[in-house]
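Right, one structure below, let's go through it.
Throughout, a chain's letter reflects where its sequence line sits, starting with A, and its residues are numbered from 1. Owing to the predicted nature of the structure, the values given are computational and were not obtained by experimental measurement.
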2 protein chains.
Amino acid sequence: MLSFTEENYLKAIYHLSKEGSEPVLTNDLAKSVRTKAASATDMVKKLAAKKLISYRKYYGANLTTKGKTEALMVIRKHRLWETFLVQALGFMWDEVHEVAEQLEHIHSKRLIEKLDEFLNYPKTDPHGDPIPDRNGKIQQTAAISCDQLEKGKSAIITAVKDSSGSLLKLLDKIGAHPGKKIKIIACEPYDKSVEALLDGQRVFISHEVSKNILVKE
Amino acid sequence: MLSFTEENYLKAIYHLSKEGSEPVLTNDLAKSVRTKAASATDMVKKLAAKKLISYRKYYGANLTTKGKTEALMVIRKHRLWETFLVQALGFMWDEVHEVAEQLEHIHSKRLIEKLDEFLNYPKTDPHGDPIPDRNGKIQQTAAISCDQLEKGKSAIITAVKDSSGSLLKLLDKIGAHPGKKIKIIACEPYDKSVEALLDGQRVFISHEVSKNILVKE
DNA sequence: ATAATAATTTAGATTACCCTAAACTAATGT
DNA sequence: ACATTAGTTTAGGGTAATCTAAATTATTAT
Ligand SMILES: [Mn+2]
Ligand SMILES: [Mn+2]
Ligand SMILES: [Mn+2]
Ligand SMILES: [Mn+2]
């Protein structure tokens with residue numbers, strides 16, 4: 001059975017290696033799990049010894065099939081719990097991430113299956129992120145971020161990149177949730193901010209924010 | 001913030017000191033948390049340094065007000081989660097204890113309040129044990145165990161002492177759940193087993209089992 | 001009062017995870 | 001080729017929780 005810490009490292013490696021192609025660098029990994037590079041090196045050696053990643057000194061780490069499955073199971077739990085907290089317990093979408101960071105480490109196959117059933121097998125979490133199924137299959141959405149959307153084009157918001165409370169609260173204010181229709185009216189060259197229509201409502205979005213909104217045309 | 005382990009020790013001390021009167025002995029505590037006496041001594045010193053217990057060498061440990069509140073909060077979480085698992089997720093009452101042992105250590109005031117609300121503020125858990133409220137108030141039931149019930153007397157089952165899966169499965173079979181009416185028909189002097197009526201059904205209960213059934217006249 | 005026994009504490013290690021500081025490697029610029 | 005630099009690893013320790021074995025204390029029996 002994997003420890004709390006091992007699970008967090010695997011999850012971080014998964015998120016940092018865009019779809020498993022590029023190797024994950026030690027410094028990036030350390031930053032992601034909020035430790036120092038020396039600690040990340042130690043853990044990466046340990047995970048390699050357990051055949052959860054392949055690792056080459058000074059080069060980086062890649063998940064093995066086994067490691068990827070483990071990572072996806074942690075992500076599955078995280079996103080199912082977030083969905084539960086919003087849908088069943090009435091949490092706001094900006095309040096769930098921290099609690100889910102704890103709940104994702106509960107070890108019980110039965111619990112997560114029952115939870116999935118209780119929620120009626122949701123496809124995405126409150127932030128629009130896809131939930132891996134029991135076999136670790138995850139549907140990859142070929143989404144682009146809002147700042148790359150052309151002027152005049154319409155799209156549907158699918159997900160939000162950043163799970164920080166401050167961004168989510170801001171998006172709440174302007175009404176930018178997954179599922180909503182967005183259309184770019186104008187783009188300021190000076191600061192790359194955009195003027196858009198969100199379900200008919202005119203809104204102004206900074207570049208910092210629009211980068212974190214994922215849309216599908 | 002208390003660690004996983006500290007919380008488990010506090011909970012064990014609470015359960016071992018019948019309502020806080022008697023001091024808890026090191027060996028008993030060690031057995032309860034499944035470690036060795038030496039480890040229990042270390043932890044007991046640590047908890048005393050944090051003013052969660054009072055401790056006298058070779059004599060034993062007692063919860064302080066602060067420690068008792070912490071213990072009751074862990075017990076509150078444990079029992080609310082058990083209730084959730086049975087009522088919302090459809091677990092059997094013999095499957096919930098192990099998972100609740102993990103869930104009870106999730107740190108989030110908001111989560112537990114929301115869970116309590118979702119469950120409509122239950123008074124007892126699936127095993128009939130009282131659930132402390134948000135302030136740590138717990139209603140003490142003056143129950144006696146079934147083996148002390150006199151012949152011919154009727155009573156209501158209020159709770160089950162032991163949370164082991166094998167006992168709970170057995171009680172399921174004979175239909176002995178909290179809320180049910182039980183009446184002792186006969187008691188065998190040889191093995192102290194009893195013949196009883198459980199909602200009209202005639203059942204035979206061994207002494208080992210009847211000791212673990214709590215009833216209220 | 002003394003000896004035997006049971007319970008408890010202390011001493012000294014171990015493991016997992018994390019840290020700082022020093023050493024090393026790979027890449028880059030001159 | 002050589003020096004600089006950024007990134008990474010190694011060396012050496014620290015803390016929390018655990019363990020075994022030895023020492024200590026309290027209790028009971030003679
Ligand atoms: Mn999240
Ligand atoms: Mn999410
Ligand atoms: Mn329980
Ligand atoms: Mn219970």
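Proximity of B:Ile13 to B:Leu29: side-chain heavy atoms (C-beta onward) are separated by under 4.5 Å at one or more points. For the pair A:Lys114/B:Glu95, no side-chain contact is recorded, criterion being any heavy-atom separation below 4.5 Å from C-beta on. In this structure the side chain of A:Thr124 never reaches within 4.5 angstrom of the side chain of A:Pro178, judged on heavy atoms.
With rounding to whole Å, A:Met1 atom CE is found 16 Å from C:dA16 atom C1'. Between B:Leu25 atom CG and D:dA26 atom P the separation is 14 Å, expressed in whole Å. Atom CG of A:Leu29 is separated from atom P of D:dT9 by 10 Å (rounded to the nearest Å). Between the CG atom of B:Asp42 and the P atom of C:dG12 there is a distance of 14 Å, given to the nearest Å. Put simply, CG on A:Asn27 is 17 Å from P on C:dT25, counting in whole angstrom units.
Heavy-atom distances under 4.0 Å link DNA chain C to B:Tyr55, B:Lys57, B:Tyr58 of residues 51-59 of chain B, given in residue order. Near-neighbour residues of DNA chain D inside residues 31-40 of chain B, defined by a heavy atom below 4.0 Å, number-ordered: B:Thr35, B:Lys36, B:Ala38, B:Ser39. Interface residues of residues 4-15 of chain A facing DNA chain D, ordered by number: none; criterion, heavy-atom separation under 4.0 Å.
Of the side-chain N and O atoms in B:Lys45, none sit less than 4.0 angstrom from OP1 or OP2 of C:dT9.
Separation of atoms CD (B:Glu208) and CG (B:Leu167) is listed at 9.5 Å; rounding is to 0.5 Å. In this structure, the separation between CG on B:Asn62 and CD1 on B:Ile53 is 8.5 Å, given to the nearest 0.5 Å.
Under a cut-off of 6.0 angstrom, the local environment of CD in A:Glu195 is crowded, with over 12 non-hydrogen atoms contributed by other residues, nucleotides or ligands. Within 6.0 Å of the NZ atom in B:Lys50, the count of heavy atoms belonging to other residues, nucleotides or ligands exceeds 12. Around CD of B:Gln140, the count of heavy atoms belonging to other residues, nucleotides or ligands within 6.0 Å exceeds 12.
Sequence neighbours left out, not one pair with a member in residues 30-62 of chain B passes ring pair (Phe, Tyr, Trp, His ring centres under 6.0 Å).
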Under 3.5 Å, which donor-acceptor pairs do the side chains of residues 69-87 of chain B form with other protein atoms, sequence neighbours left out?
from, atom 1, to, atom 2, distance (Å)
B:Thr69, OG1, B:Thr65, O, 2.9
B:Arg76, NH1, B:Asp116, OD2, 3.3
B:Arg76, NH1, B:Pro132, O, 3.0
B:Arg76, NH2, B:Glu113, OE2, 3.2
B:Arg76, NH2, B:Asp116, OD2, 3.1
B:Lys77, NZ, B:Glu104, O, 3.3
B:Lys77, NZ, B:Ile106, O, 3.1
B:His78, ND1, B:Glu104, OE1, 2.7
B:His78, NE2, B:Glu82, OE2, 2.8
B:His78, NE2, B:His97, ND1, 3.2
B:Arg79, NH1, B:Pro130, O, 2.7
B:Trp81, NE1, B:Leu103, O, 3.4
B:Glu82, OE1, B:His127, ND1, 3.1
B:Glu82, OE2, B:His97, ND1, 3.4
B:Thr83, OG1, B:Arg79, O, 2.7

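A search for side-chain contact (heavy atoms from CB on, under 4.5 Å) contacts involving B:Asn27 returns B:Ala37, not counting sequence neighbours.
Residue contacts for A:Thr26: at a heavy-atom cut-off of 4.0 Å it reaches the sugar-phosphate backbone alone, with no base atom in range.
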